[in-house]
Amino acid sequence: AQSVAQPEDQVNVAEGNPLTVKCTYSVSGNPYLFWYVQYPNRGLQFLLKYITGDNLVKGSYGFEAEFNKSQTSFHLKKPSALVSDSALYFCAVRDIKRAAGNKLTFGGGTRVLVKP
Amino acid sequence: NAGVTQTPKFQVLKTGQSMTLQCAQDMNHEYMSWYRQDPGMGLRLIHYSVGAGITDQGEVPNGYNVSRSTTEDFPLRLLSAAPSQTSVYFCASRPTGLYEQYFGPGTRLTVT
């Protein structure tokens with residue numbers, strides 16, 4: 001079975017400081033990894049994905065994530081956080097072997113609060 | 001394109017009532033899914049479809065039915081609502097060959 005862990009329920013950071021949101025995963029084969037963001041009373045928005053290739057993935061709104069196979073991690077980062085980055089962030093994984101369907105497994109979410 | 005649309009936005013049901021949550025997409029996506037979101041548990045897959053006429057169960061399918069008669073629509077039916085089904089429900093879609101999903105705005109359901 002595949003699983004995702006986001007060890008921090010909330011991350012607080014001052015505006016302008018670096019932001020990191022942690023994610024570790026477990027799959028039986030090679031993973032497809034995703035980050036989504038959810039603003040209040042909205043659906044989830046896709047930020048970035050790792051499918052194959054370069055371990056550093058760049059996405060929307062200045063976010064990036066680093067895939068580390070040995071540590072089974074896919075941490076989300078932003079060099080300089082903005083107040084508008086305050087939201088709920090979800091990491092998700094899909095086993096590459098599961099070619100059919102939409103069996104995407106989500107972590108529990110990490111709330112990011114960026115203070116001015 | 002309107003993207004993924006969901007109706008209603010809010011709904012209150014009494015235990016035992018039935019209802020259908022509507023989901024539609026105008027992007028000609030083959031894959032569609034229903035998730036529920038509960039605090040601290042992320043999103044959990046209820047049912048999904050890989051194309052018109054084909055559906056399958058996800059992680060938490062009990063108490064829910066789906067059908068996919070057209071590419072555009074993927075309704076979720078609650079046959080006999082229970083308080084444990086109080087949640088926020090999201091519909092999502094993706095095209096063949098892409099891996100990221102597009103989510104609707106959600107339906108907040110309360111069962112009393």
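Chain identifiers are assigned alphabetically (A, B, ...) following the order of the sequence lines, protein sequences preceding nucleic acid strands; residue numbering begins at 1 within each chain. Nothing here was measured: the structure is a model prediction, and the numbers come from that model.
- The aromatic ring centres of A/Tyr50 and A/Phe67 sit less than 6.0 Å apart.
- Only the side chain of A/Gln38 has a heavy atom closer than 4.5 Å to any heavy atom of chain B.
- Side chains of B/Pro75 and B/Ser67 form a contact here, defined as non-hydrogen atoms less than 4.5 Å apart.
- Across B/Lys9, B/Gln37, B/Glu30, B/Arg108, the residue that shares the most heavy-atom pairs under 4.5 angstrom with chain A is B/Gln37.
- With 3.5 Å as the limit, one finds a donor-acceptor pair spanning the side chains of A/Thr110 and A/Gln6.
- In the displayed structure, B/Met27 atom CE is contacted under 6.0 Å by more than 12 heavy atoms of other residues, nucleotides or ligands.
- Only the side chain of B/Phe90 has a heavy atom closer than 4.5 Å to any heavy atom of chain A.
- Using a 4.5 Å cut-off between heavy atoms, A/Leu88 touches chain B through its side chain atoms alone.
- Contacts of B/Glu59 with chain A are absent, with no heavy-atom separation under 4.5 Å from either backbone or side chain.
- Below 30°, between 30° and 60°, or above 60°: for B/Phe103 and B/Tyr35 the angle between ring planes is between 30° and 60°, a tilted geometry.
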